[in-house]
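Each remark here refers to the structure printed beneath this line.
Start at 1 and go down the list; that is how both ligands and their atoms are numbered. The first residue of the sequence shown is numbered 1, and numbering continues consecutively from there.
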Amino acid sequence: LMGVRSTKHGVHRGMSSVTIPPPACMLRPLEVPFRYLFGPGPSNVPPRILAAGGRPIIGHMHSEMFGIMNDIKKGIQYAFQTSNNMTLAMSGSGHTAMECAVFNIVEPGESVLVAINGIWGERVAEIAERMGAKVHTLFKTPGGHFTNAEIEQALAKHKPVLFFLTHGESSAGLVHPMDGVGDICHKYNCLLLVDSVASLGAAPLLMDQQNIDILYTGSQKALNAPPGTAPVSFSERACHKMFNRKTKPVSYLLDMTHLSNYWGNDGKPERIYHHTGPVSGFFALRESLAILAEMGLENSWSHHTEIAEYLWKGLEDLGLKLPSVTTIAIPEGYDWKELLAYIMKHHRIEFTGGLGPSVGMVLRIGLMGYNCNKANAAMALAALEDALKQCRKSKA
Ligand code: PMP
């Protein structure tokens, strides 16, 4: 009783000492405008996925939650076309998966080869550098791609433990050829890490058949789930490397020894608390993977290509085009920021500019999953046409 009284007293004294008042903005309701999200992500989330994310929370360690996580694992195995046991979703955005892959596979001092033809290679090179890897790079300007001969030459020279390649380069609008790359890597005893954040579900990719060792994606692009979860999968080869390392990975949160247990992938009878996963995010991710499974991967690929081709009609030929994110060279004499602002203001449509090395060079239009249809492509073209008319006038 004494304890209760003194606690009450303490609480009371604490309340009387508040000096920061409730902020006025917090006393107003949340306002979220409607936007057509035709940039490179996030894309609009269909009502079915929003509803899944709005289901009541359960505990992250409840058996039903583990059941849902097992479903997610199956859904990712289908989306990636892999039978890898070590398949899971990261609690975090695409960058979480990038860091997880590099931190777990590479030990400080080991050699890594990174293909840079846009921002994502730049980012992975920096992530690897920060954890103490010896980073070697293969470089092309945005829109360029690497031949298998160029990749093989660099593997022979640098003898890396890991080679990174972006499948869908969303800053450059390029889908990279994948055939043969995995075999070349394995010839040099190197693991192949592939980023499919911007391409999964939109462009053909077959993890097992293409001998990809580590593949990751994001939730907020063609999968149409809210941002914040990131599917990832590791081959047997990758598991062998990451579970036989001498040093512990630099990140506790992203340590695959713990994450594999959390996802029930390590064969141990008990799952031990590691961190609290994003329960609502996992509900939504499960729903998005269910929609992909219902539609079928091949249908999803051909659908994205069909709509992208409709969009590309009349646009300049861009080479190895990525069907999820289209890059358009900024027409001569236009201010790209003015075009984007005009389209947002008058059409409620988000397009974006370039990213990293493509800033100032391109505009980017993404039509992914739920957003991927002819009506939206026509609306995007009409908005662009309108902006090109209106904005030129303002510059004259
Ligand atoms: N890789 C690619 C190809 C991407 O397009 C993105 C997101 N634009 C990322 C990685 C990073 O994902 P996130 O923003 O979810 O961290």
Side-chain angles (χ1 to χ4, degrees), residues 37-45 76 79-80 88-103 114-128 130 140 142-146 164-178 192-205 207 212 214-233 251 253-254 278 281-282 284-285 288 304 308 320-327 350-359 362-369 371-372:
L37 299 176
F38 297 171
S43 34
N44 293 93
V45 178
I76 298 169
F80 284 5
L88 64 153
M90 304 300 303
S91 305
S93 79
H95 278 84
T96 318
M98 289 159 83
E99 293 205 329
C100 176
V102 175
F103 289 174
V114 181
I116 300 180
N117 59 341
I119 197 176
W120 302 109
E122 289 180 355
R123 289 273 168 100
V124 167
E126 171 154 5
I127 288 167
R130 284 181 183 220
K140 298 272 174 179
H145 75 284
F146 306 90
F164 171 82
L165 189 58
T166 311
H167 180 236
E169 228 311 338
S170 55
S171 69
L174 172 133
V175 61
H176 203 287
M178 279 293 147
L192 173 60
L193 167 63
V194 172
D195 178 322
S196 71
V197 173
S199 56
L200 187 90
L205 190 62
M207 185 176 192
I212 296 166
I214 309 108
L215 181 65
Y216 63 85
T217 193
S219 58
Q220 76 274 28
K221 310 246 178 179
L223 285 176
N224 299 133
T229 58
V232 63
S233 180
S251 169
L253 180 61
L254 305 182
F282 288 156
L285 179 64
S288 70
H304 280 83
L320 293 161
K321 287 173 276 196
L322 174 62
S324 49
V325 182
T326 297
T327 52
E350 177 191 54
F351 297 156
T352 63
L355 186 62
S358 65
V359 170
V362 296
L363 296 180
R364 295 183 297 157
I365 301 179
L367 292 174
M368 297 183 275
N371 284 348
C372 184

Identify, with sequence neighbours excluded, every residue that meets ring pair (Phe, Tyr, Trp, His ring centres under 6.0 Å) alongside H145. H176

What is the minimum heavy-atom distance between L215 and M207, and which atoms define it? N-CE, 3.6 Å

Looking at G143 and L174, what are the two nearest heavy atoms and their distance? O-CD1, 2.9 Å

Side chains of T352 and E350, donor plus acceptor under 3.5 Å: no

If you measure only the distance, is there a donor-acceptor pair under 3.5 Å linking the side chains of N224 and S43? yes

Anything with a heavy atom under 4.0 Å from ligand 1 counts, so go ahead and list those protein residues by chain and number. S93, G94, H95, W120, G168, S170, D195, V197, A198, Q220, K221

Would you please test R364 and T326 for side chain to side chain contact (heavy atoms under 4.5 Å, CB included) and show each step? CA-CA 6 Å; R364 295 183 297 157; T326 297; over 6 Å; no

